[in-house]
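Keep in mind that what you see is a predicted model, and the values were worked out from it rather than measured.
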Amino acid sequence: MKTAAVFSFLASLASAASLTLVTESFGPNPRNNPFYIYVPDVLPANPAILVNPHWCHGTAPAAFSGSQYATLASQHGFIVIYPQSAPAQANSDKCWDVSSKETLTHNGGGDSLGIVSMVKWTIQKYKADPKRVFVTGVSSGGMMTQVLLGSYPDVFAAGAAFAGVPFGCFAPAGNNTGAFGYWSDDCAKGRVTKTPAQWANLVKGAYPGYDGWRPKLQLFHGTNDEILNYVNHQEGIKQWAEVLGVGSTPVSVTSNTPISGWTKSVYGAEGWLEGYSAAGVPHDIRVQEATVMAFFELACKGENCFRWGDGGWCDAEPTATSSSAIVTTTRAPVTTTSTSSTTLRATTTSTSSRVTTTFVTSTSTAAPVAGQTLWGQCGGQGYTGVTRCATGTCTTYNPYYAQCIPTQGA
C-alpha cells in the first residue's frame, strides 16, 4: 500500500502544472518577446486568460513567483500568460515599450502587438474564451496594462494597473516612431498633465475609427510613489473617465479598502472605473490579487461571468460638476463647515446620515493670482507645492490630490 501511495504521489508531481516557456511560433511579434504560460492541470471549458506583464528589471518567472495568480489559476481554472521583455532589444532595464508609435497603435507593432499574439495563440491552442481576456501588472507592467487596453480594446475585457502612468504619457513629443526604449522623466515625475479630452484623444487615436465597446479598469497608486509620481494616478483617472464617459467625480468613496489606509473611488453607476489611493505607499505597492480577481470575476465559471461586451459603460454618468456622490467609509468622515464643500451622503458601519465633507469633491476659488497652471496639482496630503491656481479652481478629488480645473461658468 505504501509503495502504491508513493507512485501515486510521484505521478501527481509529474502532472502538476508548472510555468512553461513557449518555444513555438505564436504570430506577429515585432520585438521578439518570448512568453511563459501557466496552464492548470484541470481546465473548464472555454477558460479565461489573465496576462501578467512584469515590471522594469523584472522577468516572467519573477512575475510568476511574485504574486498568487498561478495558485488562484489552479483553484479557479484560468490560464496565466507571463510575457517576457526581450533582452536583445537593447533594453537593459527590461522595461516594456510604452512610448513608441508602434506599440501605441492598434496592429502597429511594438511590444503590445507581440503580447496580443500571445493571447490569440493561447485562445486557439486551449480553446479559451476570447471574451474573457484580462491584464494586470505593476510599474512597467501597469503601464503596459493601460497600453493594451488603449491599443486593443477589442481584445481585453478589463485591466488592473498598479503604479503605472496614463496611456501615451511616456511618448516623446513629436515623432515617436521607433521610440521603444524612451524614458519620460517629465511623465515619471508628474509633470505631464492634460485636459480629460486631450488624454482621451490619445486613447482614441490609437485605434482610428473604433467606436465599439471599451474595457473596464482599476488603477492603484501609492501617494508616496518616488518613481512614478502620484500625479499620474489622477491623470489616469481623468483619461479613462473621459474615454469611458463616466465622469471624473466618483459616485462612491470607501476608506480602508481593500486594506487599511487605502481609499477606493468608483466612477460611473456601473463601476466601470475604480481608483485606489494607497496612503503613504511608495512605488513598491502591494498587489491586491483578491480585489483584482473580484473585478475580473475570474473565480466565475460558465456563461454568466463578466466578459467583453457586457455592461453599459457608455450610458450618461455624472460629470465633474456633479454635486452629490455616495460615500461608504469605515470611519467617521471629516466634517467641515466650509461653504465651499460639497454635500455628500456618508454611510458608516453603524449609522447613515447626511454630512458636509471635503472627502471627495470640495472646491475653493480665488481671484486670478500667480500660482499653479490649469490642470496642475494644487493640494493633497503630502503635497508641498503651490496651492493657489493662477487660472481656474482648485478642486480636491480625494484626500491626496487636488487639481486646478476650469471654473464652472467661466
Side-chain angles (χ1 to χ4, degrees), residues 5-27 29 33-55 58-84 114-138 141 144-145 148 152 155-162 215-216 218 258 286-308 310:
V6 169
F7 278 118
S8 177
F9 174 70
L10 292 175
S12 68
L13 289 179
S15 64
S18 62
L19 185 67
T20 303
L21 174 65
V22 174
T23 57
E24 62 184 87
S25 175
F26 53 83
N29 186 23
N33 293 309
F35 81 101
Y36 292 72
I37 193 167
Y38 182 83
V39 182
D41 290 327
V42 179
L43 278 178
N46 308 120
I49 295 173
L50 176 65
V51 180
N52 187 200
H54 60 72
W55 50 91
T59 63
F64 167 77
S65 61
S67 76
Q68 296 298 311
Y69 289 123
T71 300
L72 292 165
S74 288
Q75 291 176 4
H76 301 292
F78 60 89
I79 298 169
V80 189
I81 292 173
Y82 296 95
Q84 171 74 57
I115 293 175
V116 167
S117 293
M118 300 171 194
V119 169
K120 293 181 177 180
W121 177 89
T122 302
I123 290 172
Q124 182 175 10
K125 184 173 181 65
Y126 296 98
K127 296 181 173 56
D129 191 338
K131 292 189 175 183
R132 298 193 66 214
V133 179
F134 308 94
V135 57
T136 184
V138 180
M144 178 51 73
T145 293
L148 290 169
Y152 296 92
V155 173
F156 295 90
F162 290 78
K216 64 180 185 177
Q218 292 177 312
R286 178 178 166 187
V287 174
Q288 303 296 319
E289 291 97 334
T291 303
V292 174
M293 288 280 295
F295 190 66
F296 294 169
E297 295 187 19
L298 275 173
C300 178
K301 298 181 181 68
E303 293 298 319
N304 293 324
C305 308
F306 172 76
R307 62 189 61 248
W308 191 98
D310 282 356

Heavy atoms of A17 and V39 approach each other most closely as CB-O, 3.2 Å

Please name the pair of heavy atoms, one in A60 and one in Y36, separated by the smallest distance, quoted to 0.1 Å. CB-CD1, 3.4 Å

Find the distance between CD (Q75) and CE (M293) and round it off to the nearest 0.5 Å. 7.5 Å

Run the side-chain contact (heavy atoms from CB on, under 4.5 Å) test on V292 and F162 for me, step by step, so that the C-alpha distance in whole Å, both residues' side-chain angles and the decisive distance to 0.1 Å come before the verdict. CA-CA 11 Å; V292 174; F162 290 78; 3.8 Å; yes

Beyond-backbone contact of P61 with H54, side-chain heavy atoms, under 4.5 angstrom: no

How far does OG1 of T145 sit from CD of Q218, to the nearest 0.5 angstrom? 11.0 Å

Residue pairs passing the side-chain hydrogen bond (donor to acceptor under 3.5 Å, both in side chains) test with at least one member in residues 17-27, sequence neighbours excluded, are E24-W121

Roughly how far, to the nearest 0.5 Å, is the CG atom of N52 from the CE atom of M144? 13.0 Å

Interatomic spacing from OG in S67 to CG in L72 - rounded to 0.5 Å: 8.0 Å

Kindly check if the number of other-residue, nucleotide or ligand heavy atoms within 6.0 Å of NZ (K301) is above 12? yes

Got a sec: does the CD of Q124 have more than 12 other heavy atoms crowding it under 6.0 Å? no

Roughly how far apart are I49 CD1 and I123 CD1, rounded to 0.5 Å? 4.5 Å

Looking at W308 and A157, what are the two nearest heavy atoms and their distance? N-CB, 3.7 Å

Minimum heavy-atom separation for I37 to Y126, with atom names? CD1-CE1, 3.8 Å

Which atoms form the tightest heavy-atom contact between G77 and P47, and what is the distance? O-CB, 3.7 Å

Are the side chains of N33 and P83 in touch, meaning some heavy atoms are under 4.5 Å apart? no

dist T136:OG1 -> E289:CD (nearest 0.5 Å) comes out at 9.0 Å

Any donor-acceptor N/O pair, R132 side chain to F306 backbone, under 3.5 Å: yes

Closest heavy-atom contact between P34 and M118? O-CE, 3.6 Å

Validate the cation-pi geometry between K216 and F134: distance from NZ or CZ to the six-membered ring centre under 6.0 Å, angle to the ring axis within 45°. no

Going through the distances and angles, do V287 and V138 end up as a side-chain contact (heavy atoms from CB on, under 4.5 Å)? CA-CA 8 Å; V287 174; V138 180; 3.5 Å; yes

List the steps and the verdict of side-chain contact (heavy atoms from CB on, under 4.5 Å) for R307 and E297. CA-CA 9 Å; R307 62 189 61 248; E297 295 187 19; over 6 Å; no

Is Q84 reaching over with its side chain to a backbone N or O of Y82, donor-acceptor style, under 3.5 angstrom? no

Test side-chain contact (heavy atoms from CB on, under 4.5 Å) on F26 and F35; report intermediate values, then the result. CA-CA 10 Å; F26 53 83; F35 81 101; 3.5 Å; yes

Residues that P40 engages under side-chain contact (heavy atoms from CB on, under 4.5 Å), provided they are two or more places apart: Y38, L43, A73, S74

Contacts of V155 that satisfy side-chain contact (heavy atoms from CB on, under 4.5 Å) - sequence neighbours left out: V116, V119, Y152

